[in-house]
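Okay, so here's the structure we're looking at.
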Amino acid sequence: MKLPGAKIVLECIKREGVDIIFGLPGGAVLPIYDALYDFEGLRHILVRQEAAAGHAAEGYARATGKVGVCLVTSGPACTNLVTALQDAMMDSIPIVAFTGQVPTHLIGNDAFQEADNVGITRSATKHNFLVKDGKDLGPIIREAFHIAATGRPGPVHVDLPKDILVKEAELIWPEKVTMRSYNPNYEGHAGQIKRAAKAMLRAKKPVLYVGGGVISSNAHAELRELAELTQIPVTTTLMGLGAFPSEHPLSIEMLGMHGTYYANMAVHHSDVLVAVGARFDDRVTGRVDAFAPHAEIIHIDIDPSSISKNIKVDVPIVGDCRRVLRALVEAVREEAKAGGDGQEGQKPWHAQIAEWKVKEPLRYEWSDDVIKPQYVIQEISNATRGEAMIVTGVGQHQMWAAQYYKFTHPRAWFTSGGLGTMGYGLPTAMGVQAAHPGRHVVNIDGDGSFAMNSQELATCFVEKLPVKTVIINNSGHGMVRQWQRIIYKERYCAIDLPGIPDWVKLAEAYGCVGLRVTKPSEVVPAIEKMLSTPAPVVLDVCVDKDECVFPMVPAGGANTDMILAPPTREVRDRAEKSQTGF
Amino acid sequence: MSMNGTEPRKHTISVLVENKFGVLSRVAGLFSARGYNIESLSVGETLDPTVSRMTLVVGGDEFVIEQVMKQLHKLIDVIKVNDLTDESHVERELMLIRVNAEPQHREEILRTADIFRAKVVDVTQVSFVLEATGDEGKLEALIELLRPMGIQEIVRTGKVAISRGPKTRVRKAEPAKRPRVSDDPRVVGFAD
Ligand SMILES: Cc1cc2nc3c(=O)[nH]c(=O)nc-3n(C[C@H](O)[C@H](O)[C@H](O)COP(=O)(O)OP(=O)(O)OC[C@H]3O[C@@H](n4cnc5c(N)ncnc54)[C@H](O)[C@@H]3O)c2cc1C
Ligand SMILES: Cc1ncc(C[n+]2csc(CCOP(=O)(O)OP(=O)(O)O)c2C)c(N)n1
């Protein structure tokens, strides 16, 4: 069947099972938009800036487990998109990005809106393609989706010269993709799995360290089975939140720079550390030579280059989390039958962790006068019973959301972990909301981060995406302020965002609902009002700007050198009354 | 010193890649992005015209080289990566060298060229251009001998290498340096 290239592109996207694409038109991709005019079966969501199309595709992908798709024009549109591509690269999110390109005969000519698109996105993608012949469109798009979704997922970019979109070509749609140079390995090595099972049963102080790979491989059920079977405590990375319920008795929540005291202590003192789909990021390890110094390290990861990259691994297992965990559960059962001593030996370990939990829980000081940001997150968590889809910007609010929201499900937490992209929140939330129209999607954002993509409120309004944004408004770049306060001796520089714009008015200007609260007593009613409003809402919460995120491991420090929150008033009172004091 | 405490040295890495648009910049970009040091790089078609071979000389300790190998393999267009350093292989480089040819040195230069089996490919009143092939040690030795005459310019291709056929495979002089956990690709190696 011969079709214009533009139609082939749309047909291929549809055949991949995608139902929504995010984009913004321009000269080079007009043939695709023309084909879209009467194309059935694809919803197009028009964003206001191209990076938003990329982030929305990320949100859609993470929420559904499918590949997210965005479509933008050449030159400046492609360069706008780069941030989102690199974001997806760092966080292993499968998206396929289509950009327009000048006609093939003009490539290299400094033609209007020309940029070396594939040159620019090369290092920000898992792979990229420049299509030079219409008959290659189908096979290339098929490969693009295959590469994005398999192995370690990631972004793939396809650059489409305008003449290729106009000319008719044969639609070639290979049933199966086979590539001699790309064959990710899914099954773990049986011998290594057995070794891991033995080590886990032998361990007296084991910890499971769980990352984003468990989410992308849908391995949460297998993980839970393994944890419950072995009674091994579970800590998750920022990207792994939701892979294991925060309130499960075995959960010790997040580890790392802003992880819990008990997670960092447990990892530090562990004798066996089982890393599952996690990549030993420097925000997790702190100083590497002081990370889990006594532990035998087992690492399950689909990407061989993740293994022994930062930390030397004792039992490497290359494979898909889900399949390996399933095999590991079997292996543990076998070993236990053969007389491994089981969980009895772990009792003192559980007692030790319980003691750490009591000694240093996550805490902040309550105030009747000024709203504490942590309190806002707790109340969002309560009001949504941990069931909402939570998206964040980057900064302190992101860390408080990670610490205080009680996650119950995977694929319900969306945050920019690896790149730390401010402005990620609102557009990503749009992608999530588009994929799940009936769910509560709450974008917990900072006033600085939100400003970087607030134009997307227009998209929310027009496309009927009732995203709820809660601005944790501390009138500044809070996270930078925290570093300047703790590390740069309070020499505050370039961090103030003094009350501009008026977010309520801005929301209203975009046709959305704006709400503001300034007192703690107003928080709960405002959250309820927000959640029951069927339109997009911006809830501006004016919070205590002096609040810091604790615990905190200063960059380059050992995880045991945490700066802990100052004792709360209740603790101080108790200490005063007690004979021994502190 | 590295994580596993080995000394940096040069490795010869042979990479089979899809002969596709952009593949060279993918490989070169990988090295610049990750801060690895390429000493030389040569590319050419193989028997199968859809496949090219790159020969890279890279400096680094075992830990760095392991990452280099893994990262190379992670590139979608890379078919196979092989570290030839501790394998039995032949390596050669071609060098063109233009050297001053004063009357009192002409004899000596020709004698030296002869010993090194280098060819004289251009002659003028004042200079010779010599063409030499060999491994790195031989080429370095030739350069040192010609240096006193005054070398005007050197152009080198970078190294190409090929493993010896199975029949001539000799036992390794020393055991493989890298303690491999296993030869099974699922343990730590590459996916295919
Ligand atoms: C302000 C700020 C503060 C931060 N503080 C912290 C902190 O305190 N603690 C923290 O944890 N993070 C923190 N981060 C995030 C941090 O930078 C990293 O993004 C995060 O730690 C990485 O998570 P991960 O190890 O789960 O890896 P991911 O980036 O989620 O990578 C997933 C890993 O799983 C593998 N994988 C993917 N798919 C599969 C599969 N199917 N099977 C097997 N393996 C698979 C991948 O190869 C990869 O190695 C912070 C970020 C910011 C912006
Ligand atoms: C695009 C981008 N620019 C700069 C930074 C550096 N940065 C990290 S956190 C932060 C401040 C964030 O402020 P805000 O969004 O208000 O969140 P808060 O920390 O106040 O909660 C900045 C500037 C970044 N992460 N991303």
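Below, chains carry the letters A, B, ... as their sequence lines are ordered, and counting in each starts from 1.
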Ionic contact status for Lys138(B) with Glu93(B), cut-off 4.0 Å: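 Salt bridge absent between Glu93(B) and Lys138(B).
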Salt bridge flag under 4.0 Å for residues Asp133(A) and Lys135(A):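 Yes, this pair counts.
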What part of [X] lies closer than 4.5 angstrom to a heavy atom of chain B: side chain, backbone, both or neither?
X	result
Lys126(A)	both
Val118(A)	side chain
Asp303(A)	side chain

Exercise: identify the closest heavy-atom pair between Val284(A) and Phe291(A):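 Smallest heavy-atom distance, with atoms named: O-CE1, 3.9 Å.
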Donor + acceptor pair across side chains of Asp163(A), Thr104(A) (<3.5 Å):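 Per modelled atom types, Asp163(A) and Thr104(A) side chains form a pair under 3.5 Å.
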Ring geometry between His146(A) and Tyr182(A) (parallel below 30°, tilted from 30 to 60°, perpendicular above 60°): perpendicular
Enclosure of Gln125(B) CD (heavy-atom neighbours >12, cutoff 6.0 Å): no
Glu144(B) CD: over 12 foreign heavy atoms closer than 6.0 Å: yes
Residues in residues 37-52 of chain B that sit under 4.5 Å from chain A, counting heavy atoms only: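 The list, in residue order, reads Asp48(B), Thr50(B), Val51(B).
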